[in-house]
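Presented below is the structure to which this report refers.
Quick note: numbers below take in every heavy atom, side chains included, and nothing from hydrogens, waters or symmetry partners. Counting starts at 1 for both ligands and their atoms, following the listed order.
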Amino acid sequence: MTVRAVVKGVGHYLPERVVPNSEFENFLDTSDEWIRSRSGIERRHFAAEGQTTSDLGYEACKMALADAGMEADEIDGIVVATSTPDLTFPSVATMLQSKLGMTRGFGFDVQAVCAGFVYALTNANALILSGQCKTVLVVGAETFSRIMDWEDRATCVLFGDGAGALVMQAEVGNGDSDDRGILSADLNSDGRYKDMLYVDGGVSTSGESGKLRMQGNALFRQAVEKLTSTAHTALSKIGLTDDSVDWIVPHQANIRIIKGTAKKMGVPMERVIVTVQDHGNTSAASIPLALSVGVAEGRIKRGDLLVTEAIGGGLAWGSVVLRW
Ligand code: UT7
């Protein structure tokens with residue numbers, strides 16, 4: 001008997017305001033053509049004034065719970081991946097508990113920047129496999145628009161706001177790779193690269209939340225190799241190869257990174273879920289957003305083998321292999 005953490009519901013939320021690339025031409029030396037050709041981004045959503053990360057997460061959770069046909073009081077734990085919490089503390093997860101009316105169980109946040117959702121999913125898997133929880137809500141929610149330097153054209157055109165959520169529940173499988181649910185995971189980080197992507201403020205330094213700084217080109221050079229390698233490690237743990245993959249659901253930072261990784265894995269782009277053109281880079285929210293959109297469009301179906309992979313500040317990177 002093998003316990004698996006199986007997806008029971010999925011949901012997402014994007015703030016109403018859509019910002020096309022052309023809007024940046026009004027106040028920056030940039031162009032729609034540059035942003036599209038270098039990143040693949042065409043538009044992104046920005047949260048309204050006063051709309052917080054937990055507000056976005058709440059909408060995604062409601063949709064995921066409805067999809068699972070569950071009530072909030074059936075959830076044992078909430079794991080939220082975010083680098084843009086409403087407050088320094090308490091956690092966004094506890095804010096979600098209160099918004100959802102969930103008075104039992106527990107919630108906590110995980111901070112691994114753009115790799116956050118992969119880390120959160122891996123944590124949720126461990127909580128379920130250890131018997132600590134039967135059902136876990138896993139959320140990626142971000143308001144990166146709040147940490148942009150609007151004078152830095154190399155970063156502020158790339159990021160967006162949004163949230164996605166999965167309801168994961170324990171189910172008994174056969175112990176082989178035909179099982180539904182999370183089949184394997186691989187997590188990595190290397191703090192030697194901490195200056196490649198960081199925020200220049202924080203509680204114990206400036207006392208302010210700070211603005212995002214990125215050496216885009218240096219990070220770009222790390223991305224494809226590390227993403228391919230982590231996906232291969234996770235697949236090999238369960239004796240699978242690239243040929244078994246139905247869908248790559250990558251972190252949505254740059255279409256050139258997404259294409260480069262798919263090419264290295266020998267997976268055609270028809271089998272990659274791409275949302276970067278519509279969402280921009282939503283950091284920890286990008287994978288659950290892409291999952292939810294992929295399901296809503298009828299592309300990802302029950303029984304499909306998915307590989308999610310992500311890299312971001314830290315550097316931190318990783319992947320999860322799961323059967324939908
Ligand atoms: O989610 C976390 C992980 N993040 C990533 O993985 C991001 C990885 N990096 C990237 O996606 C890409 O490096 C970028 C999209 C950020 C940049 O693309 P690039 O092809 O690496 O461009 P670059 O940074 O080498 O810059 C090329 C040129 C520079 O001008 P010079 O020095 O060649 O004259 C930049 O100043 O493009 C210039 N530039 C811009 N021009 C117009 C930078 N930003 C802009 C802009 N509009 N918005």
inquiry  = Can you pull out every side-chain hydrogen bond (donor to acceptor under 3.5 Å, both in side chains) where at least one residue sits in residues 112-136? Sequence neighbours excluded, please.
reply    = Thr135-Gln169
inquiry  = Check this for me: does any side-chain nitrogen of one of Glu23 and Arg17 sit under 4.0 Å from a carboxylate oxygen of the other?
reply    = yes
ask   = Is it true that Asp161 and Arg44 have a side-chain N and a carboxylate O under 4.0 angstrom from each other?
value = no
key: Residue among Phe159, Trp150, Phe144 satisfying ring pair (Phe, Tyr, Trp, His ring centres under 6.0 Å) with Phe46   = Trp150
task = Check the pair Glu142 / Thr282 against side-chain hydrogen bond (donor to acceptor under 3.5 Å, both in side chains), numbers first and verdict last.
result = CA-CA 6 Å; Glu142 302 277 19; Thr282 58; over 6 Å; no
Distances for all N or O pairs of ligand 1 and the protein under 3.5 Å?
unit_1	atom_1	unit_2	atom_2	d
ligand 1	1 (O)	His251	NE2	2.8
ligand 1	1 (O)	Asn281	ND2	2.6
ligand 1	9 (N)	Gly216	O	3.0
ligand 1	11 (O)	Asn254	ND2	2.6
ligand 1	13 (O)	Gly216	O	3.1
ligand 1	18 (O)	Arg256	NH2	3.3
ligand 1	20 (O)	Arg38	NH1	2.9
ligand 1	20 (O)	Arg256	NH2	2.9
ligand 1	21 (O)	Asn217	ND2	2.9
ligand 1	22 (O)	Arg38	NH1	3.2
ligand 1	25 (O)	Asn217	ND2	3.1
ligand 1	36 (O)	Arg153	NH2	3.1
ligand 1	37 (O)	Trp34	NE1	3.3
ligand 1	41 (N)	Trp34	NE1	3.3
ligand 1	41 (N)	Arg153	NH1	3.4
ligand 1	47 (N)	Thr30	OG1	2.7
ligand 1	48 (N)	Thr30	OG1	3.0
ligand 1	48 (N)	Arg153	O	2.9

ask   = Taking atom types as modelled, is there a side-chain donor on Asn188 or Asp190 under 3.5 Å from an acceptor on the other?
value = no
